[in-house]
Amino acid sequence: KKIVTDLAVAGKKVLVRADFNVPMKDGNITNDDRIVQALPTIKHLIAEDAKVILFSHLGRVAEEADKEGKSLKPVAKRLTELLGKEVSFVAETRGEKLENAIDALGNGDVLMFENTRFEDIDGKKESKNDPELGKYWASLGDLFVNDAFGTAHRSHASNVGIASNLESAAGFLMEKEIKFIGESVDNPTRPFVAILGGAKVSDKIGVIENLLGKADKILIGGGMAYTFYKAKGMDIGSSLLEADKVALAKDLLERADGKIILPVDTTVNTGFSEEGDVKAVDADAIPDGYMGLDIGPKTVEQFKNELQGAKTVIWNGPMGVFEMESFAQGTIGVCKAIANLDEATTIIGGGDSAAAAMKLGFADDFSHISTGGGASLEYLEGKELPGLAAISNK
Ligand code: 3PG
């Protein structure tokens, strides 16, 4: 793939698709990681005297009322602070005002235009990759840099559409994500251990299937563990169960040939709350009327042991209901155990586990924390990402 350093950008209008789909509350950005991670590409383009035109989607937009709170203006403001340099904001996604602002850019200037999904109000033009829209946006620049890894699993006008009309390259963030996630899965230094959590087996089937042939061990926690217990004929009380996935879980366990490791104990309660009778029990001793809400303390030790000597570790999905303090210990324990591995390449595959590691203050101890949620999952499933596939191959 071409990367941004392969392009001659000086004096050129460079369109940059970033993923600035950041969490917002009351008009404030609550986690700016995706903006911070986009800085290397933007700084490079400024230093190389490009005219930088940034854009992204933010949230999902179907009708006019959905625009409320989804302007990219706060992102332009935050980026101005992070760069120490003015990022001018144009509250349009097309038209003369935007075109004039782009024409007025000097070398090294940075402009951001409005949420690309505001084009979805009238017929989902952005999200359905309307060919005219991709062509129009491409006409605004000379070159295209796609740094939006988090959006790479979408085939939209602002990534795939533009790339089909303009010479394009991957940005540094896209390159970094591919290097860490792609290389770890395709060519890992062994032993390679994957730790998978999250509520549902159905969300992770593709990842488990793909990693079965690649990882040396797959440690399973989170709500999906109970469907696997059921597949082994164990009693799970009132724990979360995907009854229609029991046969599949059984099949995966058989094919895994011992590679899949299930928690030896679990923290249970009488209901989905912190009130009640919280206690740790062995996996085969979940009492009637109790539900498992986290892996137990013995499992944290078990997983720690399984991780010893690992050279590549990928973690995706919390080990329990970590939003509630009583059921956060498993996720905290696993996060610490991975963070403490000195000689392994350690990767968090985005989403909830990335948020947990940042909140716990362990972000710096990982080799890489993916900015992708859905994109990382699909990458781990071994699927081709359209946003990535559309980037020029020379
Ligand atoms: C994400 O946060 O996963 C990406 O920005 C994609 O957003 P989407 O699921 O709304 O397409």
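The chain is numbered in sequence order, starting from 1. Whatever order the structure lists them in is the order used to number ligands and atoms, beginning at 1. The model shown is predicted, which means the values in this text are computed figures rather than measured ones. Atoms considered below: every heavy atom in the structure, side chains included; atoms not considered: hydrogens, waters and symmetry mates.
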Could you go through ligand 1 and note, for every N or O atom, any protein N or O atom closer than 3.5 angstrom, writing the atom names and distance to 0.1 Å, or 'none'?
from	atom 1	to	atom 2	distance (Å)
ligand 1	2 (O)	N21	ND2	3.2
ligand 1	2 (O)	R34	NH1	3.0
ligand 1	2 (O)	R34	NH2	3.3
ligand 1	5 (O)	D19	OD1	3.4
ligand 1	5 (O)	D19	OD2	2.8
ligand 1	5 (O)	N21	ND2	3.0
ligand 1	5 (O)	R34	NH1	3.3
ligand 1	5 (O)	H57	NE2	3.1
ligand 1	7 (O)	H57	NE2	3.3
ligand 1	9 (O)	R60	NH2	2.6
ligand 1	9 (O)	R154	NH2	2.7
ligand 1	10 (O)	R60	NE	2.8
ligand 1	10 (O)	R60	NH2	3.4
ligand 1	10 (O)	R117	NH1	2.8
ligand 1	11 (O)	R117	NH2	2.8
ligand 1	11 (O)	R154	NE	2.6
ligand 1	11 (O)	R154	NH2	3.4

Q: In sequence, state the C-alpha distance, the side-chain angles, and the governing distance for S202 and E242, and then conclude on side chain to side chain donor-acceptor pair (under 3.5 Å).
A: CA-CA 8 Å; S202 46; E242 280 173 280; 2.6 Å; yes

Q: Determine, for F192 and K311, whether the Lys NZ or Arg CZ falls below 6.0 Å from the six-membered ring centre while staying within 45 degrees of the axis.
A: no

Q) Is the NZ or CZ atom of K279 both under 6.0 Å from the centre of the six-membered ring of Y290 and within 45° of that ring's axis? A) yes

Q.
Side-chain heavy atoms nearer than 4.5 Å, only ILVMFWY residues, links allowed to pass through others: does that put Y229 and F272 together?
A. no

Q: Flag the pair D19 and R34 as a salt bridge only when some basic side-chain nitrogen lies within less than 4.0 angstrom of an acidic carboxylate oxygen.
A: yes

Q: If the plane angle is over 60° it's perpendicular, under 30° parallel, otherwise tilted; pick one for F113 and W137.
A: tilted

